[in-house]
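Some notes on the structure that comes next.
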Amino acid sequence: MDLSVNDAFVFMGGTFDPIHFGHLRTALEIQQWLGVKQVNLIPSKVPVHRNAPGCSSEQRLAMVQHAVAEEPALVADAREIESTQDSYTLFTLQALRQEQGSTTPVCMVMGMDAYLSLPGWREWQAFLDYAHIIVVARPGYRIQPDDTMAQFTERFGVSDTSELLSKPHGHVLIHEMTPLGISATQIRQLVAQGQSPRYLFPDPVWAYIKEHNLYGYNQD
Ligand code: ATP
Ligand code: MG
């Protein structure tokens, strides 16, 4: 085994409705930055915190699988979609902790928009009992944290990866990177308007959308 590879389970959850280069580039940069073997992408089954997506869970998963097919450092992880439980982040974190044992670091990667919305997530205060949270900046989402999130960040924040990976869970690390200003909303709108969403996401995902007539895609 290559001992230079850090031993941590790192994942990014989302609706991935559809997956795009903003997600993929973020996940890959985090994988390189932390020096871990891979980052798992976990599409949610029931989007608890948002509106119903424009296609089925299985189709969102299939698009993630197409998107990462040629990239060993990114893995499509079907655990939430295949689970019989509702997609609550807390359940996923508990299952991951069980699976990884008590000493392996588990890191949940999220965009700043998702992070600042945490107070609306079920039992979010317990997330750090199971994992670390890595937050990435996102263009267009430079919203000011409210008092709750400012205090949470102040209390649990650390500033470097070695500090993060020296513990199995319990910290927040904000990673400034250069994320792409792409959103799934923008892609769904382009498709519905009959405009091309090409170059915002991998071509095999676009091919899948066309093949299955997702998001109101219409050939004519
Ligand atoms: P939608 O527009 O439907 O909300 P989205 O593009 O925000 O879709 P999600 O599936 O909601 O995608 O996001 C999953 C995770 O990826 C969240 O943590 C979100 O902050 C993050 N994310 C989404 N787009 C980007 C991006 N362009 N750069 C960095 N992170 C992103
Ligand atoms: Mg979103």
Side-chain angles (χ1 to χ4, degrees), residues 10-34 39-68 74-81 87-90 92-93 106-122 124 127 131-143 145 149 152-153 172-193 197 199-202 205-206 208-209 214-217:
V10 184
F11 78 98
M12 185 169 179
T15 36
F16 303 127
D17 187 22
I19 186 145
H20 54 68
F21 286 138
H23 303 127
L24 293 161
R25 196 55 224 164
T26 298
L28 191 64
E29 285 196 31
I30 295 286
Q31 178 266 333
Q32 308 264 296
W33 178 61
L34 293 179
V39 170
N40 287 30
L41 298 166
I42 309 186
S44 58
K45 179 177 50 172
V46 184
V48 193
H49 311 291
R50 28 182 311 153
N51 295 327
C55 67
S56 72
S57 295
E58 289 68 27
Q59 288 171 325
R60 287 185 290 108
L61 172 63
M63 290 189 281
V64 175
Q65 288 166 336
H66 282 299
V68 302
L74 301 182
V75 174
D77 187 330
R79 68 179 65 231
E80 286 199 3
I81 284 179
S87 259
Y88 281 111
T89 300
L90 186 70
T92 301
L93 294 177
V106 172
C107 304
M108 173 164 70
V109 180
M110 47 174 53
M112 185 59 88
D113 59 311
Y115 178 67
L116 294 181
S117 77
L118 277 182
W121 298 28
R122 180 163 150 171
W124 71 280
F127 291 179
H132 298 301
I133 299 176
I134 296 174
V135 188
V136 297
R138 197 179 163 188
Y141 291 90
R142 287 224 159 261
I143 332 155
M149 288 319 287
F152 186 78
T153 309
V172 173
L173 181 51
I174 300 195
H175 182 53
E176 294 287 340
M177 52 175 274
T178 43
L180 304 169
I182 301 172
S183 73
T185 301
Q186 173 194 10
I187 293 171
R188 293 194 301 273
Q189 283 170 355
L190 288 172
V191 175
Q193 290 161 2
Y199 307 127
L200 296 174
F201 58 173
V205 177
W206 179 214
Y208 187 92
I209 289 172
L214 304 180
Y215 310 119
Y217 174 76

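Counting convention: from 1, in listed order, for ligands and their atoms alike. For the single chain, residues carry numbers from 1 onward in sequence order. Since we're looking at a predicted model, the values are computed, not measured.
Residue contact annotation: M12 has a non-hydrogen atom under 4.0 Å from ligand 1. T15 counts as a contact of ligand 1, since one of its heavy atoms falls under 4.0 Å from the ligand.
Every N/O-N/O distance between G13 and ligand 1 stays at or above 3.5 Å. In terms of polar-atom proximity, M110 is not counted as a contact of ligand 1, lacking any N or O under 3.5 Å from an N or O of the ligand. Taking any N or O of L180, backbone or side chain, at least one lies under 3.5 Å from an N or O belonging to ligand 1. Among the atoms of G111, some N or O lies under 3.5 angstrom from an N or O of ligand 1.
Below 4.0 Å from some heavy atom of T26 lie the following atoms of ligand 1, by number and element: 28 (N), 29 (C), 30 (N). Remark: ligand 1 atoms within the under-4.0 Å shell around heavy atoms of T185 are 1 (P), 2 (O), 3 (O). Near F16, the atoms of ligand 1 lying under 4.0 angstrom from a non-hydrogen atom of the residue are 10 (O). Of all atoms in ligand 1, listed by their number and element, those nearer than 4.0 Å to a heavy atom of G14 are 10 (O), 14 (C). Heavy-atom contacts of S183 reach the following atoms of ligand 1: 2 (O), 6 (O) (cutoff under 4.0 Å).
Residue A184 holds the heavy atom nearest to atom 6 (O) of ligand 1 of all those in A184, S44, G181. For atom 13 (O) of ligand 1, the nearest non-hydrogen atom from the set M108, R188, H23 belongs to H23.
Side-chain N or O atoms of R60 include one that pairs as donor or acceptor with a backbone N or O of S44 at under 3.5 Å.
Between L90 and F127, some side-chain heavy-atom pair lies under the 4.5 Å cut-off. You'll find the side chain of Y115 reaches within 4.5 Å of the side chain of I133, heavy atoms only. With a 4.5 Å cut-off on side-chain heavy atoms, I42 and V64 do not count as touching.
Only side-chain heavy atoms of D113 come within less than 4.0 Å of ligand 1; its backbone N, CA, C and O stay farther off. Using a 4.0 Å cut-off between heavy atoms, H20 contacts ligand 1 through its side chain alone, with no backbone atom that close. With a heavy-atom cut-off of 4.0 Å, R25 does not touch ligand 1 at all.
Atom CD1 of I174 and atom CD1 of I134 lie 11.5 Å apart (nearest 0.5 Å). Rounded to the nearest 0.5 angstrom, H23 NE2 and L28 CG are separated by 14.5 Å. Between S183 atom OG and Q189 atom CD the span is 7.0 Å, to the nearest 0.5 Å.
In terms of heavy-atom proximity, W121 sits nearest to T89 at CZ3-OG1, 3.4 Å.
Taking F152 as the reference, W124, F156 meet the ring pair (Phe, Tyr, Trp, His ring centres under 6.0 Å) condition, with sequence neighbours excluded. Residues meeting the salt bridge (Lys or Arg N to Asp or Glu O under 4.0 Å) test with R25, sequence neighbours left out: E29.
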